[in-house]
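Accompanying notes for the structure given below.
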Amino acid sequence: MAAETFCDIVRDHAHNTGDIAAFTFGDEVLTFAQLDAGSNKIARALQAAGVTKGERVSFLGKNHPLYFEALFGAAKIGAVMTPVNWRLAAPEVAYILGNCEARIVFVSEGFSEMLDKVKGDCARVEHVIGIDAPDHAGTDYRTWRDGFSDDPVDVPLALEDDALQLYTSGTTGRPKGAVLTHGSLLQSLDPACHGDNIRDWQERSEGDVALLAMPCFHISGSGNGLTTMIAGTTSIVLPEYDPTQALDLIEKYKISKIFLVPAAIQILLNHPRVRQVDFSDLTHITYGASPIPLELMREAMEVIGCGFVQMYGMTETSGTIVALDPEDHVPEGSPKMRSVGKPLNGVEIKIIDADGNLIPTGEVGEIATRSSRNLSRYWNNPEATASTIDADGWLRTGDAGYLDEDGYLYIHDRVKDMIISGGENVYPAEVENALYAHPSVADVAVIGVPDQKWGEAVKACVVLKDGQQLSEADMIAHAREHIAGYKCPKSVDFIEALPRNPSGKILRRELRAPYWEGKDRAVN
């Protein structure tokens with residue numbers, strides 16, 4: 001029988017293969033039976049705290065298996081987990097907690113001080129639950145959880161119910177909560193939903209072990225954790241990506257699958273021990289969030305020797321919608337390697353102009369997609385929802401690209417001004433708003449420029465008020481007070497005036513042009 005929610009899948013694994021490890025975290029092992037029982041307790045604990053179907057709960061901290069237990073506990077009563085990017089600055093954390101209206105926040109070690117700092121701006125937060133957080137003086141997660149029965153709860157759920165809310169950077173400087181449903185997550189993450197066209201790398205085998213190294217506040221982290229749970233296989237959890245630990249765990253646990261962003265692959269390859277590591281159990285590395293240089297891919301194929309799969313997707317599509325298969329990765333390079341591959345089963349892709357009209361094969365336009373994987377809406381933001389998804393279900397990605405005659409998708413540029421640095425999305429408006437707050441700044445524009453390590457780096461072009469003087473360090477330090485470090489400019493150019501069109505719009509392409517000269521696409 002087809003699963004009605006992803007909660008059903010965990011229950012089935014607990015019943016059939018309950019002693020298999022769902023997660024390993026240091027010396028701790030969380031089996032599927034323990035995950036199911038623990039999430040039942042969390043469901044009852046949340047009900048006792050007054051949490052009802054449709055409410056949001058939040059998690060602030062690095063990767064931890066109990067994040068998934070809390071996610072499932074919330075899901076079992078129809079509540080929605082909302083993880084918060086722990087790299088954000090205090091004002092950004094406060095905004096997300098306030099926007100999602102969470103009354104219960106789970107916090108892990110190292111983030112109690114951050115939460116204490118922002119609680120005054122989050123009037124709805126009633127309970128803070130510490131997960132292995134000795135710095136948290138309030139309620140302990142395990143004690144709180146174990147005060148309740150592990151009997152299953154009885155809350156009617158359906159595929160269209162909200163399940164996970166992930167925040168994405170906003171074009172106007174405020175992040176948006178992308179609401180993903182049980183159905184969209186299952187369609188994206190469960191190969192059984194892909195019909196007969198499942199690709200070899202999507203298959204999960206008994207004994208597969210995945211390394212969960214990407215952050216769970218992204219779809220890359222939460223999505224990969226959910227994928228292994230759906231498959232009934234094991235994830236080895238890293239609190240955050242560390243190449244030394246990653247190499248140790250690859251050998252110790254005979255890791256077979258990993259998702260990494262290209263910058264993380266490069267960091268791994270630069271590790272002094274990488275050429276002594278036994279990668280023989282590693283079958284696939286999937287990667288995404290930004291393109292990968294051919295030289296880097298060639299080195300990775302030589303040193304690691306597994307299959308590589310490039311993935312294209314976004315939070316709003318519950319993860320991957322297009323993939324470039326291992327057989328398309330050839331060391332000598334090929335035209336297809338410049339693509340992100342072909343759509344997965346059940347995913348439609350088309351290229352449109354500004355008015356939504358279809359563009360012929362081979363011509364560049366905005367990439368639009370339609371599938372059951374798309375988000376249901378942006379949380380409390382009908383305007384953003386309407387501008388992103390049309391009445392027929394087509395979602396505008398904000399990426400510019402084209403399809404070739406074989407159906408391969410190529411990313412050419414960005415329609416939106418988004419910058420992707422080390423796999424993190426940065427919108428210029430967020431950075432510009434922070435820089436504008438400095439009293440000496442008259443005007444500012446932020447662009448992405450090529451960067452060998454991070455793919456793209458954030459650069460600020462600043463016009464100072466008459467008679468004012470600031471250094472690059474001054475500007476960067478000011479930005480760090482307001483926004484996350486990865487969003488702050490890596491460099492600052494002080495200029496006389498910003499180029500604008502007759503209506504006053506900043507001509508970012510003119511600012512970007514010198515840095516992208518000689519490149520065949522305007523993304524890196």
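One N or O on the side chain of T317 and one on the backbone of G319 form a donor-acceptor pair closer than 3.5 Å. Under a 3.5 Å cut-off, the side chain of D451 and the backbone N or O of K453 do form a donor-acceptor pair. The closest donor-acceptor contact from the side chain of D278 to the backbone of S280 lies under 3.5 Å. Between the side chain of N224 and the backbone N or O of S220 there is at least one donor-acceptor pair closer than 3.5 Å. Between the side chain of H64 and the main chain of I131, no donor-acceptor pair closer than 3.5 Å is present. With hydrogens and angles disregarded, no donor-acceptor distance shorter than 3.5 Å links the side chain of S188 to the backbone of L185. Under a 3.5 Å cut-off, the side chain of R338 and the backbone N or O of Y410 do not form any donor-acceptor pair. Proximity of a side-chain donor or acceptor of T385 to a complementary backbone N or O of Y378 within less than 3.5 Å is detected. Remark: the backbone N or O of E456 is paired with a side-chain donor or acceptor of S421 at under 3.5 angstrom. Here the side chain of D392 pairs no donor or acceptor atom with the backbone of W394 at under 3.5 angstrom.
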Applying salt bridge (Lys or Arg N to Asp or Glu O under 4.0 Å) to E432 and K459, what does each step give before you reach the verdict?
CA-CA 11 Å; E432 290 163 357; K459 174 180 281 290; over 6 Å; no

Evaluate the criterion side chain to side chain contact (heavy atoms under 4.5 Å, CB included) for residue pair I321 and R373; output intermediate values, then yes/no.
CA-CA 8 Å; I321 53 174; R373 305 160 191 241; 4.1 Å; yes

E316 vs N374, test: side chain to side chain contact (heavy atoms under 4.5 Å, CB included). Steps then yes/no.
CA-CA 6 Å; E316 288 85 344; N374 287 353; over 6 Å; no

Quick one: do I352 and R396 satisfy side chain to side chain contact (heavy atoms under 4.5 Å, CB included)? Show the steps, please.
CA-CA 9 Å; I352 58 176; R396 287 179 175 262; 3.7 Å; yes

For F106 and F59: C-alpha separation, side-chain torsions, deciding distance, then whether ring-ring contact (aromatic ring centres under 6.0 Å, His included) applies.
CA-CA 5 Å; F106 300 95; F59 174 89; 7.3 Å; no

Is there a side chain to side chain contact (heavy atoms under 4.5 Å, CB included) between L211 and K257 once you walk through the steps?
CA-CA 7 Å; L211 180 63; K257 291 180 172 63; over 6 Å; no

What verdict does the ring-ring contact (aromatic ring centres under 6.0 Å, His included) test give for F72 and F6, after you've listed the backbone C-alpha separation in whole Å, the side-chain angles of each residue and the deciding distance to 0.1 Å?
CA-CA 9 Å; F72 275 91; F6 61 62; 5.0 Å; yes

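Using modelled atom types and a 3.5 Å distance limit, the side chains of T228 and S235 yield a donor-acceptor pair. Side-chain contact, Y253 with D281: no donor N or O sits under 3.5 Å from an acceptor N or O. Remark: the Y486 side chain and the N425 side chain contain no N/O donor-acceptor pair separated by less than 3.5 Å. No hydrogens or angles considered: a donor-acceptor pair under 3.5 Å links the side chains of H218 and E424.
Looking at heavy atoms from C-beta onward, Y167 lies in side-chain contact with C100 at the 4.5 angstrom threshold. Using a 4.5 Å heavy-atom threshold, the side chains of M229 and H13 count as separate. Side-chain contact between P175 and E92 is absent, with no heavy-atom pair separated by less than 4.5 Å. With contacts defined as side-chain heavy-atom distances shorter than 4.5 Å, the pair I304/L268 qualifies. Within the 4.5 Å cutoff, side-chain heavy atoms of V93 are placed close to those of M114. Residues R480 and C488 meet the side-chain proximity criterion, which asks for heavy atoms closer than 4.5 Å.
The nearest pair of heavy atoms linking S318 to L189 is O-CD2, 4.3 Å. Closest of all the heavy-atom pairs between P262 and Y287 is CG-CD1, 4.2 Å. In terms of heavy-atom proximity, V274 sits nearest to L269 at CG1-O, 3.5 Å. For the residue pair E363 and I351, the shortest heavy atom distance occurs at O-CG2, 3.8 Å. For the pair D242 and Q245, the tightest heavy-atom approach, listed with the atom from each and the gap, is OD1-N, 2.7 Å. Here the closest non-hydrogen pair linking M81 and S58 is SD-C, 4.1 Å.
Going from atom NE2 of H284 over to atom SG of C306 covers 7.5 Å, rounded to the nearest 0.5 Å. A distance of 7.0 Å separates CZ in R512 from CD1 in I447, rounded to the nearest 0.5 Å. With values rounded to the nearest 0.5 angstrom, L166 atom CG is found 10.0 Å from C216 atom SG. Annotation: the span from Q310 atom CD to M337 atom CE amounts to 8.5 Å, rounded to 0.5 Å. Taking CD1 from I483 and NE2 from H478, the interatomic distance works out to 9.0 Å, rounded to the nearest 0.5 Å. Going from atom CG of L260 over to atom CZ of F308 covers 9.0 Å, rounded to the nearest 0.5 Å.
Taking the six-membered ring for Trp and thresholds of 30 and 60 degrees, F111 and W86 have ring planes inclined between 30 and 60 degrees apart.
Here D404 pairs with K336 in a salt bridge; the nearest charged N to carboxylate O distance falls below 4.0 Å.
Remark: K176 fails to qualify as a cation-pi partner of W379 under the 6.0 Å distance and 45° angle criteria applied to the six-membered ring.
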